[in-house]
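What follows is a short report on a single structure.
In this text the structure is predicted, and so the values were computed from the model without any measurement.
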Amino acid sequence: PAGVDIVPVYDRSNLIKRAVDNLAGKLAEEFLIVTIVCALFLFHLRSALVAIVTLPIGILIAFIVMHYQNENANIMSLGGIAIAIGAMVDAAVVMIENAHKHIERWRHANPDVELAGETQWRVIGDAAAEVGPALFFSLLIITLSFIPVFTLEAQEGRLFSPLAFTKTYAMAASAGLAVTLIPVLMGYLIRGRIPPEDANPLNRALIALYRPLLDRVLAAPKTTLVVAVIIAAATIYPATRLGGEFMPRQDKGKFSLSFKTAPGSSLDYTVAKGRELVEKLLEALKPEDRTVVQMLDLEQKSLAEISRLT
């Protein structure tokens, strides 16, 4: 009607936008980490493309299934994607490293022969077949680990099922890509000069640190198990003191305060008390960050809600 303005006071679009931006940021971080790992440990940038290409494809597959399931992109569903990102590239990194080892052994056995053509694909195929089944089932186990979440009902089920669905879809897509697309990409991209493992100074330094430790624990297996049990037992008491809550803290860009007056209080008294609370809140907030809305319900409860404008 004329003279009436509708002003939104509770807008969650900023929270959703931050969640989407966070997912995009995690994807960019994952791409960067994969590239750095492959560059540092494998000395081969094209190998990083194998993992980088498969990551968005796996996420796209999860989004396609979400579309046909009529599951929208909310905070929990995007959270499932964010959780799965870290594990989705594991198979690609392991298969790339194993392919490098197979190529290194082949060139050591055939120093004067160029690795190309059918021989190249056979070496890559042997490397993929060696670790592919184990990687597929390991990712499948992670996929199935969220099945108990689907048994939740009522509010818990509505809250966590989108996260479980999207994480399951992303991990299932990753498991499928591990035995289909990744071996093909390795055949096309892992070519040229592949430096041996001992040519990398970082690998030599880490192996020099790891082998003495490995020799010690293998020389005293019983002592190693006892120490592991003691450490595990020592975590029981701290675990019982952690506490818990239904939902973690979130920065929604606003907070709300509510109070109830005594039964029988007049409407004028309740409104006046609400105004006092609003005035104190306005004094505590910076002028550029404060937007205060006071609401009164049928039970004479005054609600003062403050939205920090960003």
Could you measure the distance from the [atom1] atom of [X] to the [atom2] atom of [Y]? Nearest 0.5 Å is fine.
X: Leu214; Y: Leu218; atom1: CG; atom2: CG; result: 4.5 Å
X: Phe160; Y: Lys167; atom1: CZ; atom2: NZ; result: 14.5 Å
X: Ile190; Y: Ile96; atom1: CD1; atom2: CD1; result: 5.5 Å
X: Tyr188; Y: Trp121; atom1: OH; atom2: CH2; result: 4.5 Å
X: Ile59; Y: Ser174; atom1: CD1; atom2: OG; result: 10.0 Å
X: Met88; Y: Ile57; atom1: CE; atom2: CD1; result: 10.0 Å

Any heavy-atom pair between the side chains of [Y] and [X] that's under 4.5 Å?
X: Asp126; Y: His102; answer: yes
X: Val123; Y: Ile103; answer: yes
X: Tyr169; Y: Thr143; answer: no

Give the minimum heavy-atom separation between [X] and [Y], together with the two atoms involved.
X: Met186; Y: Met95; result: SD-O, 3.5 Å
X: Ala91; Y: Leu139; result: CB-CD1, 3.7 Å
X: Ala170; Y: Ile81; result: CB-CD1, 4.3 Å
X: Ala232; Y: Thr235; result: O-OG1, 2.5 Å
X: Ile124; Y: Ala99; result: CD1-CB, 4.0 Å
X: His100; Y: Ser47; result: NE2-OG, 2.9 Å

Shared hydrophobic cluster for [X] and [Y] (ILVMFWY, side-chain gaps under 4.5 Å):
X: Ile83; Y: Val93; result: no
X: Val184; Y: Leu49; result: no
X: Ile231; Y: Val217; result: no
X: Ile36; Y: Leu202; result: yes
X: Ile33; Y: Leu206; result: yes

Using modelled atom types and a 3.5 Å cut-off, is there a donor and acceptor pairing between side-chain atoms of [X] and backbone atoms of [Y]?
X: Thr54; Y: Val50; value: yes
X: Gln69; Y: Phe165; value: no
X: Arg191; Y: Gly187; value: yes
X: Asn98; Y: Val94; value: no
X: Thr168; Y: Ala164; value: yes
X: Ser145; Y: Ile142; value: yes

Can you confirm whether more than 12 heavy atoms, excluding those of Arg105, are under 6.0 Å from its CZ atom?
yes

